[in-house]
Amino acid sequence: RKSEAWIVPFVIHGGYEAWAWGKKLPRPTKIILQFGQPIAPTPEQLALPDETIVAELEARILFMKEALERRQRAHYEQSILGLMQMKSDR
């Protein structure tokens, strides 16, 4: 708040799968980082209570996470459909 620094929301997808809690070493897997639109603090936003700012950030991050999961699911379904199509073409 004092620095008036911009906030960049982001989502990490696949981090737990790569290095689960309690495992000694990570395993090779795909990790996706998605960055949201930077948020420049306005005087109006700086006047808001911390809880309101945190709730807005949580909502943006949740939206990004759900969108990323939908894209991953669609990509996976496309891959499965493609494999089924190739198998049926034989």
Side-chain angles (χ1 to χ4, degrees):
R1 193 180 288 273
K2 290 179 184 178
S3 71
E4 297 182 13
W6 288 37
I7 299 170
V8 181
F10 68 96
V11 175
I12 302 172
H13 182 75
Y16 182 80
E17 292 78 9
W19 202 339
W21 184 257
K23 298 289 183 180
K24 290 184 180 182
L25 296 172
R27 64 184 195 102
T29 189
K30 185 177 184 177
I31 296 177
I32 300 171
L33 298 172
Q34 179 178 346
F35 294 90
Q37 292 283 10
I39 304 166
T42 63
E44 296 82 22
Q45 288 173 326
L46 292 172
L48 295 173
D50 289 346
E51 295 80 15
T52 305
I53 295 169
V54 169
E56 173 64 26
L57 283 171
E58 287 177 342
R60 286 185 186 211
I61 291 169
L62 181 61
F63 176 80
M64 290 168 44
K65 178 181 179 282
E66 290 172 347
L68 181 59
E69 289 172 349
R70 280 192 303 272
R71 282 198 306 275
Q72 288 297 106
R73 196 167 33 253
H75 177 73
Y76 174 76
E77 290 169 0
Q78 286 280 333
S79 298
I80 295 297
L81 290 174
L83 289 172
M84 291 172 63
Q85 181 67 36
M86 284 183 358
K87 187 173 182 179
S88 68
D89 287 345
R90 291 188 203 186

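By convention here, the first residue in the shown sequence is residue 1.
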When clusters are formed from ILVMFWY side-chain contacts under 4.5 Å, directly or step by step, what else is grouped with Phe63? none
Interatomic spacing from CD1 in Ile61 to CG in Leu68 - rounded to 0.5 Å: 13.0 Å
Of all heavy-atom pairs linking Ile39 and Gln45, the shortest is CG2-NE2, 4.0 Å
Show the nearest heavy-atom pair for residues Gly14 and Ile31, with the distance to one decimal. O-CG1, 3.8 Å
Distance, nearest 0.5 Å, that separates CD1 of Ile12 from NZ of Lys65: 12.5 Å
Heavy-atom side-chain proximity of Pro9 to Phe35 below 4.5 angstrom: no
Residue from Gln34, Met64, Lys30, Gln72 passing side chain to side chain contact (heavy atoms under 4.5 Å, CB included) with His13: Gln72
Does anything in residues 45-56 form a salt bridge (charged side-chain N to carboxylate O under 4.0 Å, His left out)? List the pairs, not counting sequence neighbours. Arg1-Asp50, Glu56-Arg60
Let me confirm one number: the CD1-CD1 distance from Ile7 to Ile53, rounded to the nearest 0.5 Å. 7.0 Å
Hydrophobic cluster membership, Leu57 vs Leu62, 4.5 Å side-chain cutoff: no
